[in-house]
Structures are given as structure tokens and as C-alpha cells.
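Reading through the C-alpha cells given below for one structure.
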Amino acid sequence: MQRGIEAQGIPTSLITLDVEQSSLMRPPRAIHPIGFKFGHSLGKPNDKNTQMKVLLAALEEITKRQEPGHIHEVDFPSYKQS
């Protein structure tokens, strides 16, 4: 789906917790929040601070030149603390 959206000229950014599977698809842009549990792609429930940080990190990827399939690991210390 991401490739189809990109083909229409709309940039996308993937947030993935399964780096191995996502790497096979070679997404144009992607981040992997380090240490996040499955089901917590944006952070823990009601943790608006971490959720906003994850969204902003994913959006920031759109502004960078990327190698398709490269998934940037991003650490969010607030996820571990909450």
C-alpha cells in the first residue's frame, strides 16, 4: 500500500515494530521505535507525550533523503519510563 501511495506522489513513512518483515518490503521511509511492544506502535495507551514524539519522528523521515529498505531505529526513553 505504501508504494501505491508513493506512486501517486504522496510521501509516506512507516512505523514498524517488526523490522525483519518490514525490511523485506523495502519501504521508502521507516522508523523502528526501539523496545516497543507489539500493539504499542506509537507508545503506551494514554501516553500522549511519547505518541507525539513517535509521530513527529516518522514525519521527520519524510524530509530526509532515504535509501529504500533502510529502517531507522529511534530510541524513545519516555516509553520505558512511563
Side-chain angles (χ1 to χ4, degrees):
M1 180 172 246
Q2 191 172 4
R3 286 181 193 262
I5 294 169
E6 291 268 344
Q8 298 299 313
I10 301 169
T12 63
S13 184
L14 174 69
I15 301 167
T16 184
L17 300 182
D18 190 343
V19 176
E20 187 175 320
Q21 284 295 316
S22 296
S23 293
L24 296 173
M25 296 292 136
R26 296 185 39 82
R29 285 164 224 83
I31 66 166
H32 167 65
I34 299 170
F36 280 32
K37 295 178 184 178
F38 283 100
H40 290 184
S41 296
L42 296 178
K44 295 177 184 173
N46 302 313
D47 183 1
K48 294 176 185 175
N49 180 45
T50 300
Q51 293 167 0
M52 183 61 72
K53 288 178 182 179
V54 174
L55 285 172
L56 290 173
L59 289 172
E60 187 178 327
E61 290 296 302
I62 292 172
T63 67
K64 300 176 184 174
R65 184 172 177 86
Q66 301 295 331
E67 178 69 30
H70 181 75
I71 298 174
H72 289 116
E73 291 190 341
V74 183
D75 189 32
F76 297 94
S78 58
Y79 177 78
K80 295 165 190 80
Q81 295 170 2
S82 57

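Remark: the backbone N or O of Lys64 is not paired with any side-chain donor or acceptor of Arg29 at under 3.5 angstrom. Judged by distance alone, the side chain of Thr63 and the main-chain N or O of Glu60 form a donor-acceptor pair under 3.5 Å.
No continuous path of hydrophobic side-chain contacts links Ile15 to Ile71 [ILVMFWY only; heavy atoms under 4.5 Å]. Phe36 is not connected to Val19 by any chain of hydrophobic side-chain contacts under 4.5 Å among Ile, Leu, Val, Met, Phe, Trp and Tyr, and they are in different clusters. Residue Leu59 is not grouped with residue Val54 when hydrophobic side chains (ILVMFWY) are merged at heavy-atom distances under 4.5 angstrom, including chains of intermediate members.
Nearest heavy-atom pair, Gly43 versus Thr50, reported as atom, atom and distance to 0.1 Å: CA-CG2, 4.4 Å. The shortest non-hydrogen separation linking Pro11 to Gly9 is CD-O, 3.6 Å. Across every non-hydrogen atom of Ser41 and Pro33, the tightest pair is O-CG, 3.8 Å. Listed here is the closest heavy atom pair of Ser13 and Glu61: OG-CB, 3.6 Å. For the pair Arg3 and Met25, the tightest heavy-atom approach, listed with the atom from each and the gap, is NH2-O, 2.6 Å. Across all non-hydrogen atoms, the minimal contact from Ser22 to Pro27 is O-CD, 3.1 Å.
Summarising the local packing, CG of Asn46 is surrounded by 12 or fewer heavy atoms from other residues, nucleotides or ligands at distances under 6.0 Å.
Residues His72 and Gln66 meet the side-chain proximity criterion, which asks for heavy atoms closer than 4.5 Å. With a 4.5 Å cut-off on side-chain heavy atoms, Asp47 and Phe76 do not count as touching. Side chains of Lys37 and Lys44 form no contact here, defined as non-hydrogen atoms less than 4.5 Å apart.
Listed by chain and residue number, nothing satisfies the salt bridge (charged side-chain N to carboxylate O under 4.0 Å, His left out) test with Lys48 (two or more places apart in sequence, or in another chain). When the side-chain hydrogen bond (donor to acceptor under 3.5 Å, both in side chains) test is applied to Asp75, the partners found at least two apart in sequence or on another chain are Lys80.
Each ring pair (Phe, Tyr, Trp, His ring centres under 6.0 Å) pair with one or both residues in residues 37-65, not counting sequence neighbours, appears once here: His40-Tyr79.
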